[in-house]
Amino acid sequence: MTTQIQAATQTPSPATPAPTRTPSAATPARAVRPIPTTRLVGVELRKMFDTRAGFWLMASVGIVSVLATAAVIIWAPDEAITQNTFSTAIGMPLSVVLPIIAILSVTGEYSQRTGLTTYTLVPWRGRVMAAKVVATLIVGVAAMFVALAVGALGNVVGSAITGLDAVWDITLSQFGNIVLANVLGMLMGFMLGVLFRSSAGAIVGYFVYSLVLPVAFGTLAAFQEWFRDLQPWVDVNFAVTRLFDQTMTAEYWQQLGVSTLVWLWIPLAIGLRAILRAEVK
């Protein structure tokens, strides 16, 4: 009994302090690398082929080249079977198809409602637009080389059919001018897509620019002498058309620069500013 009382009256031993935890080293934040520009360009190129409209527009580059080449072989006179004739015949329909491809590369973000996803993954919209421009230029230049190859094949076939020697009457500088003219046309379509951000509106705007304005400016120049000398400085179609069929002089280059500044570069800058600031819905 005494032992139990003594055990009960014993003072409890002090509690053992809980072991202190040393703070572990802070976990380093995961470094997030920006998406490379090459990947952005690749994605924009793939977007041009993914939709049904984009696929057939891309396919139409080869289809139109083959049809135009066949038309020259069938209906052109023997003396017109030259590389220049094939290039001109192919270049005319491509001057319509290529700008529409550029328009859809921009307006697809809004008509297909993919802009929210695109600008969320790449918050700085300037990088997206730069990738679209690069992809547009790649498609334009590649299309012109395809057209050149198809035209060269048509020149060989046409010369063999007519029994004449093949005429290669396009120099490297002339081909460069043709590529530049088509690239400017694509950039004009790109600019309209940036300004309108609507496929229908941009396409209508392009046909007004390429069909209505040249007729209006040509009519005004025919009846108003004061506008005749002014036309090359304000009519961008008049200035660009010279790249196809004339030797460019220093004055022609100046007129091309001034007209594209008014009709292409300034509107493009205004449209890009609107895209960078506008809310995507």
Side-chain angles (χ1 to χ4, degrees), residues 48-49 53-102 136-189 203 206-207 209-215 217-218 222 232 235-249 251-253 255-256:
M48 292 183 176
F49 292 88
F55 172 79
W56 283 109
L57 278 174
M58 290 295 183
S60 67
V61 173
I63 295 172
V64 165
S65 300
V66 173
L67 291 178
T69 300
V72 171
I73 295 175
I74 295 172
W75 287 296
D78 293 348
E79 61 273 11
I81 303 297
T82 65
Q83 182 65 32
N84 189 22
T85 303
F86 286 102
S87 298
T88 303
I90 296 172
M92 294 303 293
L94 287 185
S95 65
V96 177
V97 173
L98 293 178
I100 294 179
I101 293 175
T136 298
L137 296 178
I138 291 174
V139 169
V141 174
M144 293 312 301
F145 275 100
V146 170
L148 177 66
V150 174
L153 180 61
N155 192 22
V156 172
V157 174
S159 300
I161 293 175
T162 58
L164 301 174
D165 294 332
V167 178
W168 307 97
D169 53 352
I170 286 188
T171 63
L172 184 61
S173 61
Q174 289 175 333
F175 177 70
N177 289 343
I178 294 174
V179 172
L180 176 61
N182 282 277
V183 166
L184 289 175
M186 289 195 75
L187 289 176
M188 190 66 67
I203 291 174
Y206 176 74
F207 282 112
Y209 147 79
S210 60
L211 298 178
V212 178
L213 286 182
V215 175
F217 284 141
D235 187 353
V236 66
N237 283 281
F238 187 88
V240 171
T241 303
R242 286 172 168 169
L243 292 169
F244 288 103
D245 54 10
Q246 295 190 26
T247 301
M248 296 294 290
T249 63
E251 183 180 11
Y252 289 172
W253 284 114
Q255 293 169 351
L256 179 64

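If you read the sequence from its start, that first residue is 1, and numbering goes on from there.
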Carefully, step by step, assess M144 and I178 under the rule side chain to side chain contact (heavy atoms under 4.5 Å, CB included). CA-CA 8 Å; M144 293 312 301; I178 294 174; 3.6 Å; yes
Would you check, one step at a time, whether the test side chain to side chain contact (heavy atoms under 4.5 Å, CB included) holds for N182 with F244? CA-CA 10 Å; N182 282 277; F244 288 103; 3.9 Å; yes
Judged by atom type as modelled, is there a donor-acceptor pair below 3.5 Å linking the side chain of [X] to the main-chain atoms of [Y]?
X    : Y    : answer
S159 : V156 : no
N237 : Y209 : yes
S87  : N84  : no
S60  : I63  : no
T85  : I81  : no

Is the number of heavy atoms from other residues, nucleotides or ligands within 6.0 Å of CD1 (I74) greater than 12?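 For I74, atom CD1 is crowded (more than 12 foreign heavy atoms under 6.0 Å).
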[atom1] of [X] to [atom2] of [Y]: how many Å apart, nearest 0.5 Å?
X    : Y    : atom1 : atom2 : value
M48  : I101 : CE    : CD1   : 7.5 Å
M248 : W253 : CE    : CH2   : 4.5 Å
N177 : I170 : CG    : CD1   : 10.5 Å
T136 : L187 : OG1   : CG    : 7.5 Å
L180 : L243 : CG    : CG    : 5.0 Å
L57  : F49  : CG    : CZ    : 10.5 Å

Steps toward side chain to side chain contact (heavy atoms under 4.5 Å, CB included) verdict (Q83, L148): CA-CA 9 Å; Q83 182 65 32; L148 177 66; 3.6 Å; yes
Where [X] and [Y] come nearest, the two heavy atoms and their spacing:
X    : Y    : answer
T69  : G154 : CG2-CA, 3.4 Å
Y206 : G185 : CE1-O, 4.5 Å
A68  : A89  : CB-O, 3.6 Å
A102 : G189 : CB-C, 4.3 Å
S210 : P214 : O-CG, 3.3 Å
M186 : V139 : CE-CG1, 4.4 Å

Do V61 and L98 touch side chain to side chain, with heavy atoms closer than 4.5 Å?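 Yes, close enough: below the 4.5 Å cut-off.
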Side-chain touch L213/D235, heavy atoms, less than 4.5 angstrom: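 The answer is no; the side chains never approach within 4.5 Å.
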For I73 and F86: C-alpha separation, side-chain torsions, deciding distance, then whether side chain to side chain contact (heavy atoms under 4.5 Å, CB included) applies. CA-CA 9 Å; I73 295 175; F86 286 102; 3.8 Å; yes
